[in-house]
Structures are given as C-alpha cells and as structure tokens.
Chemist: 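First the structure, then my questions, so here it is.
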Amino acid sequence: MKKNLIFKLPALAIILSVCSICLLFQSCSDDDGTGSLLNKENKITIKVYSNTPEAVIHVSGTGINAYSGINIKNSWETSLVTKDATLAVLATCKDETVLITMEAYKNDKLLKKTEGNTYVNLSADIKKF
C-alpha cells in the first residue's frame with residue numbers, strides 16, 4: 001500500500017507542475033487586448049482659441065514644431081496620427097486678460113479641455129481614453 005502511494009506522489013507533482021505552468025502562460029497572453037491598445041494609431045486633433053482675436057498666442061508641444069512652436073491669433077487647429085501614449089501642449093500669451101482655451105480630441109471625441117490666462121498646459125494620457 002505504501003509502495004503504491006510513493007509512486008503516485010511524483011506523478012501527482014508532475015501533473016500539478018504542468019497545470020501551474022499552463023495557467024502561468026495563459027495569464028501572460030495578449031488576448032485581453034492591452035497589447036493592441038499600445039500599438040493602435042489614434043487621430044489627435046488640437047484646437048486653440050482665444051476671446052481676443054488680435055492677441056498673439058504661442059503654442060508648442062506634441063505635433064507642433066518642437067523647437068520653436070508657432071504663434072497664432074484668434075484660433076488654430078491641427079491634426080496628427082500617432083501611437084504615442086501621452087499628449088502635451090502649451091499655450092502662452094503675454095496679455096493677462098486674454099482667455100486661452102485648448103481642446104484635444106482623440107478619434108473625433110473630446111479627450112480634454114482646459115482654459116486659462118497667460119500660461120495654459122493641456123496634457124492627457126491618450127491610451128486611457
């Protein structure tokens with residue numbers, strides 16, 4: 001009787017080890033879709049506008065000339081396609097009375113809106129939305 005039990009224990013240990021390994025690899029697969037989200041391209045649209053048409057606003061950040069940015073008046077819009085995970089846009093104006101509004105859209109859906117005077121920063125996690 002003890003002899004049969006001794007032979008069954010190693011077989012049981014092997015079966016449990018194989019099952020554990022299978023479950024481990026199953027949980028690491030990309031079937032949940034998170035891997036495809038990281039590689040998905042998204043259309044990002046950035047809109048910047050102010051309540052004072054003649055005010056000069058300096059805009060820089062994602063999808064904009066990274067070295068110098070651009071100067072705009074009244075309103076401005078740009079679109080880009082990216083796999084990036086984050087978005088960061090900065091708008092500044094020397095006139096403290098000018099209200100600057102920025103909107104970011106991901107695949108034509110509003111991702112984030114922010115507004116303020118003098119210094120406005122819009123940053124968003126593109127992959128969460």
Side-chain angles (χ1 to χ4, degrees):
M1 182 99 167
K2 286 184 180 180
K3 196 173 193 181
N4 287 340
L5 184 62
I6 291 172
F7 286 115
K8 289 181 182 179
L9 285 177
L12 182 61
I14 291 171
I15 292 171
L16 287 174
S17 297
V18 170
C19 290
S20 297
I21 290 171
C22 289
L23 288 174
L24 176 69
F25 285 119
Q26 167 103 21
S27 66
C28 293
S29 73
D30 271 349
D31 292 340
D32 62 355
T34 56
S36 63
L37 280 178
L38 294 175
N39 292 322
K40 182 181 177 191
E41 287 187 338
N42 294 293
K43 178 187 172 195
I44 304 299
T45 303
I46 302 163
K47 297 180 182 183
V48 182
Y49 49 94
S50 75
N51 64 345
T52 309
E54 62 277 355
V56 176
I57 300 170
H58 184 78
V59 182
S60 61
T62 306
I64 305 158
N65 187 340
Y67 297 107
S68 60
I70 61 166
N71 290 324
I72 66 163
K73 286 187 176 183
N74 195 24
S75 65
W76 175 80
E77 180 177 327
T78 189
S79 294
L80 63 126
V81 177
T82 183
K83 289 183 180 181
D84 288 346
T86 58
L87 171 70
V89 181
L90 174 66
T92 59
C93 182
K94 292 179 181 178
D95 185 348
E96 295 177 0
T97 63
V98 174
L99 178 66
I100 303 167
T101 304
M102 289 196 295
E103 298 172 344
Y105 294 82
K106 176 183 168 184
N107 302 324
D108 299 321
K109 293 182 182 178
L110 183 64
L111 177 62
K112 190 168 185 181
K113 179 179 179 177
T114 187
E115 59 186 16
N117 304 84
T118 308
Y119 181 94
V120 181
N121 184 20
L122 185 146
S123 59
D125 186 350
I126 297 171
K127 301 299 181 179
K128 276 189 174 181
F129 181 67

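Every value quoted in this text rests on a predicted model; they were computed, and no experiment measured them. Heads up: numbering here begins at 1 and tracks the sequence.
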Chemist: According to the side chain to side chain donor-acceptor pair (under 3.5 Å) rule, which pairs have a member within residues 90-103, sequence neighbours left out?
Modeler: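 Those involving residues 90-103 are Tyr49-Glu103, Asp95-Thr97, Thr101-Glu115, Glu103-Tyr105.
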
Chemist: May I ask you to decide if Lys106's main-chain N or O and Asn42's side chain share a donor-acceptor pair within less than 3.5 Å?
Modeler: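 Side chain of Asn42 to backbone of Lys106: no pair is present.
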
Chemist: Return the minimal non-hydrogen interatomic distance between Ala91 and Ile57, and the atom names on each side.
Modeler: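 Shortest heavy-atom separation between Ala91 and Ile57 comes out as CB-CG2, 4.0 Å.
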
Chemist: Please walk me through it: do Leu90 and Val120 pass side-chain contact (heavy atoms from CB on, under 4.5 Å)?
Modeler: CA-CA 6 Å; Leu90 174 66; Val120 181; over 6 Å; no

Chemist: Can you confirm whether Leu122 sits close enough to Leu87 that some side-chain heavy atom of one is under 4.5 Å from a side-chain heavy atom of the other?
Modeler: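 In short, these two side chains touch, coming nearer than 4.5 Å.
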
Chemist: With sequence neighbours excluded, what pairs up with Asn121 under the side-chain hydrogen bond (donor to acceptor under 3.5 Å, both in side chains) test?
Modeler: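 Partners of Asn121 by the side-chain hydrogen bond (donor to acceptor under 3.5 Å, both in side chains) criterion come out as none, since no residue qualifies.
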
Chemist: Using a 4.5 Å cut-off on heavy atoms from C-beta on, say whether the side chain of Asn107 contacts that of Lys40.
Modeler: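 Sidechains of Asn107 and Lys40: in contact.
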
Chemist: Could you tabulate the donor-acceptor pairs under 3.5 Å formed by side-chain atoms of residues 71-79, not counting sequence neighbours?
Modeler:
unit_1: Asn71; atom_1: OD1; unit_2: His58; atom_2: ND1; d: 2.9
unit_1: Ser79; atom_1: OG; unit_2: Thr45; atom_2: OG1; d: 3.0

Chemist: Do Val48 and Ile70 land in one hydrophobic cluster if side-chain heavy atoms of ILVMFWY residues count as linked below 4.5 Å?
Modeler: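 Linked within one cluster.
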
Chemist: At what distance, to the nearest 0.5 angstrom, does OG1 of Thr86 lie from CG of Asp125?
Modeler: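 If I round to the nearest 0.5 Å, the distance is 7.5 Å.
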
Chemist: Answer whether the closest heavy-atom distance between the side chains of Ile46 and Leu80 falls below 4.5 Å.
Modeler: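 In short, these two side chains touch, coming nearer than 4.5 Å.
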
Chemist: Is a donor on one side and an acceptor on the other found under 3.5 Å between the side chain of Thr82 and the backbone of Asp84?
Modeler: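 Yes, the answer is positive, given that a donor and an acceptor are paired below the 3.5 Å cut-off.
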
Chemist: Looking only at heavy atoms, what is the nearest atom pair of Ser123 and Lys112, with distance?
Modeler: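 Heavy atoms only, the tightest pair is O-NZ, 2.8 Å.
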
Chemist: How far apart are the closest heavy atoms of Ser60 and Gly69, and which atoms are they?
Modeler: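 For Ser60 versus Gly69, the nearest heavy atoms are CB-CA, 4.0 Å.
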
